[in-house]
2 protein chains.
Amino acid sequence: MEKAAEIVIVGAGIGGVRAAQEFAGKPGVHVTLIDRNNYQLFPPLLYQVSTATLATGEIAFPVREFFRDCDNVDFCLGDVTGFDTKGKAVLTKDRCIPYDALIIATGSTTNFFGNENVAKHAFPMKTMQEALDIRNQLIRCLELADQESDPVRRKELLTFVCVGGGPTGVEEAGAISELIYKSMRRDYHHLDFSEVDIKILEGSPRLLAMMPEKLSEDTANLLRKKKVDVRLQTIVTDYDGHTLTLKSGEKIQAATVIWAAGVKAQPVVAALDADYDRGGRIIVNKDLSVKGLPHVYAIGDSASFVPEPGARPLATVAPVAMKQGIRCAQNILAKLEGCEPETFVYKDMGAMATIGRSSAVLATGKLQMKGFLAWSAWLWVHLIRLAGTYANVSVALKWVLNYFNNARLGRIIVER
Amino acid sequence: MEKAAEIVIVGAGIGGVRAAQEFAGKPGVHVTLIDRNNYQLFPPLLYQVSTATLATGEIAFPVREFFRDCDNVDFCLGDVTGFDTKGKAVLTKDRCIPYDALIIATGSTTNFFGNENVAKHAFPMKTMQEALDIRNQLIRCLELADQESDPVRRKELLTFVCVGGGPTGVEEAGAISELIYKSMRRDYHHLDFSEVDIKILEGSPRLLAMMPEKLSEDTANLLRKKKVDVRLQTIVTDYDGHTLTLKSGEKIQAATVIWAAGVKAQPVVAALDADYDRGGRIIVNKDLSVKGLPHVYAIGDSASFVPEPGARPLATVAPVAMKQGIRCAQNILAKLEGCEPETFVYKDMGAMATIGRSSAVLATGKLQMKGFLAWSAWLWVHLIRLAGTYANVSVALKWVLNYFNNARLGRIIVER
């Protein structure tokens with residue numbers, strides 16, 4: 001029997017798992033899927049964990065559960081430290097895992113654009129632990145404010161700033177507004193909620209830049225209705241944990257700054273010695289292989305894929321990662337069979353973002369929608385994409401409870 | 001208008017919350033309920049969090065949610081550091097909270113009986129974070145074993161020891177057996193599960209000492225059926241994180257030791273200058289007041305209540321805490337109205353413990369039961385006692401899923 005081709009996939013996110021699924025059960029290939037976490041995270045709902053609507057287990061699916069019945073896909077818990085592209089091996093702290101084909105699917109991390117003060121004091125929201133840190137911080141600030149007699153410090157504790165007007169910032173700002181005004185307001189007998197100040201700061205002239213301009217305006221108005229102070233063309237230059245400094249010189253006192261202003265590729269991909277874009281993403285060929293590195297592929301947020309000369313690279317969103325996972329795996333299988341790999345073709349299905357309960361904006365092709373119908377569409381799309389039947393049932397149940405009762409039963413602080 | 005009497009309750013556990021509920025809405029009293037956590041924990045189900053069946057939010061209820069509509073009960077998040085019994089005030093790091101009557105309901109913590117090595121290396125299971133630490137450890141050990149080529153180290157990683165044959169140790173050992181043999185066995189394609197070794201060590205001659213002897217034997221047999229090695233009259237003297245040493249001189253290699261061999265009162269109660277029993281619990285009068293400290297009461301795991309001269313103090317279990325909370329509050333209200341306080345009378349409803357799925361032991365009065373019926377009773381009793389409708393629905397759903405499908409969807413490692 002011929003030895004199976006060894007496929008190593010680094011990263012068990014949306015793209016990496018989808019690629020592994022494509023190889024599952026196929027003869028002649030064996031997959032090692034490596035991740036530093038033993039679960040696949042569903043990042044689009046991370047903001048609901050951070051605002052106490054969903055539990056960790058509802059947006060994280062054990063990787064091994066995907067491949068229980070697939071003997072040719074093995075999982076390896078580990079932190080990749082480098083790559084030996086000549087010897088064709090992936091390196092972890094204490095192992096060296098050889099490959100015939102390698103897929104980089106490590107996803108992205110928060111980009112503070114080199115601002116160390118901001119990196120030190122602001123809250124990023126890309127991992128499960130970071131979402132829990134934000135949840136603890138939001139609740140702790142209200143508890144501390146409840147005990148604070150100094151009005152200046154109390155105002156600082158009650159000021160929550162989201163930096164970045166993309167979907168993450170918009171959804172987080174809307175969810176914080178609902179957590180505080182709808183759920184937690186009833187919890188505190190003495191706190192004056194008119195002192196609460198939720199802000200969203202965006203550097204460009206509009207929110208949700210990927211949306212049609214009309215929907216960007218609608219989004220800003222919907223947030224304002226939820227008492228969120230929307231500040232456009234506003235750039236942050238510094239933050240020391242108490243004072244946020246804007247480019248205009250204005251200073252805002254805030255105990256909580258959530259940084260959703262940018263992402264970049266995971267730093268480990270720099271160890272590949274490939275070509276990178278400004279966000280540290282690996283520039284890939286039409287078939288998703290890495291220029292100059294035969295046998296190495298990159299997908300999802302690790303890859304910079306330019307559909308046609310002069311065009312912008314594809315966005316770092318879940319559908320791109322998923323479809324690149326499939327194409328990439330099929331190209332590797334094709335090559336193993338001596339066939340030609342195919343060009344990755346992406347059909348953009350549009351974009352959507354939710355702004356709290358009952359409202360969302362959605363743009364797909366020529367269709368633009370906002371309000372309850374867009375929100376229902378958002379719910380369904382996210383529920384269907386979420387892995388695992390239990391999570392589907394449980395998340396649906398929580399959304400129903402939250403819809404009718406503003407229930408946020410996760411508003412507990414658990415920390416070391 | 002006369003000033004309301006200030007009642008301070010330290011500890012928002014089962015006893016403390018129940019006492020506060022007794023005061024809620026009553027004229028002439030104002031309650032400050034202090035806890036270092038913003039949630040009430042339901043300890044009887046902690047072992048299910050530690051073994052990935054339940055989520056944190058399902059056994060923790062936000063304290064403020066209990067008292068949303070009770071203007072005379074305020075919550076204060078804080079760590080009590082001491083008591084000024086002469087000036088009648090409770091001290092936290094930065095506050096001094098005066099009281100007219102004080103209820104100590106701080107519960108218990110793990111008792112390592114002065115063994116510092118064990119305290120450093122074994123896993124206690126009294127708090128939410130400790131339960132999550134155990135969950136992370138159980139999963140991590142299997143992941144590491146899956147990558148370990150040294151058979152000695154692999155065996156150590158796959159040996160799980162519960163020390164203490166009370167309900168916590170018995171339930172934890174049974175749940176670990178089911179987590180590993182029923183749920184996780186399917187996850188690993190290469191790991192040899194015959195190398196797994198789960199042990200329960202008990203110093204006395206039988207498990208569940210509070211049960212009739214016949215049920216203790218049944219419990220041991222049920223655990224043995226679940227491949228748990230039951231070792232009675234076995235005393236631990238040392239543990240260094242790898243090697244567990246027994247009094248007999250025998251040594252057991254184990255990466256995971258869970259310590260459920262004893263509890264003691266929270267250390268802060270020692271600051272009261274009262275009389276204490278060997279477990280550090282405050283010796284209380286018949287009406288739950290503290291000897292020599294008028295206006296101070298102790299309940300639940302903080303109190304040592306001896307029903308009649310020569311009898312053993314009441315057990316540190318949830319029903320005692322709950323009923324003492326009620327009696328204590330009523331006695332304080334009676335005194336405020338110039339009436340006599342009443343003696344606390346406890347009717348023991350018996351004891352129960354579950355040994356994995358579908359089996360439990362139960363003893364109440366003359367009735368003894370084991371098997372499926374006892375297990376159903378256990379489920380209902382615990383479901384009803386759990387606070388919050390959502391938690392009830394969600395926990396019931398998970399138990400059903402787990403019953404039919406061995407589902408353990410919480411088996412993810414989330415840590416800093």
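So that the names make sense, note that chain A is the first sequence line, chain B the second, and so on, each numbered from 1.
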B/Asn38 portion near chain A, given a 4.5 angstrom heavy-atom threshold = side chain
What do the steps show when you test A/Ile413 against B/Leu77 for side-chain contact (heavy atoms from CB on, under 4.5 Å), and what is the final call?
-> CA-CA 11 Å; A/Ile413 306 177; B/Leu77 184 73; 4.2 Å; yes
What closest approach, in Å, do A/Ala60 and B/Ile412 show between heavy atoms, and which atom pair accounts for it?
-> CB-CD1, 3.6 Å
Trace of the side-chain contact (heavy atoms from CB on, under 4.5 Å) decision for A/Met184 with B/Arg64 | CA-CA 9 Å; A/Met184 298 187 75; B/Arg64 289 181 182 275; over 6 Å; no
Measure distances from B/Cys70 to the heavy atoms of chain A and classify the residue's part below 4.5 Å as side chain, backbone, both or neither.
-> backbone
Do you know the tightest heavy-atom contact between B/His189 and A/Val73?
-> CE1-O, 3.1 Å
Mind ranking A/Leu144, A/Asp69, A/Asp71 by heavy-atom pairs under 4.5 Å with chain B and telling me who comes out on top?
-> A/Asp71
Pick from B/Asp94, B/Asp146, B/Val63, B/Asn37: which one has the most heavy-atom pairs with chain A under 4.5 Å?
-> B/Asp146
Indicate yes or no: at least one non-hydrogen side-chain atom of A/Tyr39 is less than 4.5 angstrom from one of B/Val414.
-> yes
With rounding to the nearest 0.5 Å, note down the distance linking CD1 in A/Ile97 to CD in B/Gln147.
-> 7.0 Å
Pick from B/Asp74, B/Ile139, B/Thr56 with the largest number of heavy-atom pairs that fall under 4.5 Å of chain A | B/Asp74
Given a strict heavy-atom distance threshold of 4.5 Å, which part of A/Glu58 is in contact with chain B: side chain, backbone, both, or neither?
-> side chain
Heavy-atom closest pair (B/Ser183 atom, A/Arg68 atom, distance to 0.1 Å) is O-NH2, 2.8 Å
When heavy-atom pairs shorter than 4.5 Å are enumerated against chain A, which of B/His190, B/Glu143, B/Arg140, B/Arg95 gives the highest number?
-> B/Glu143
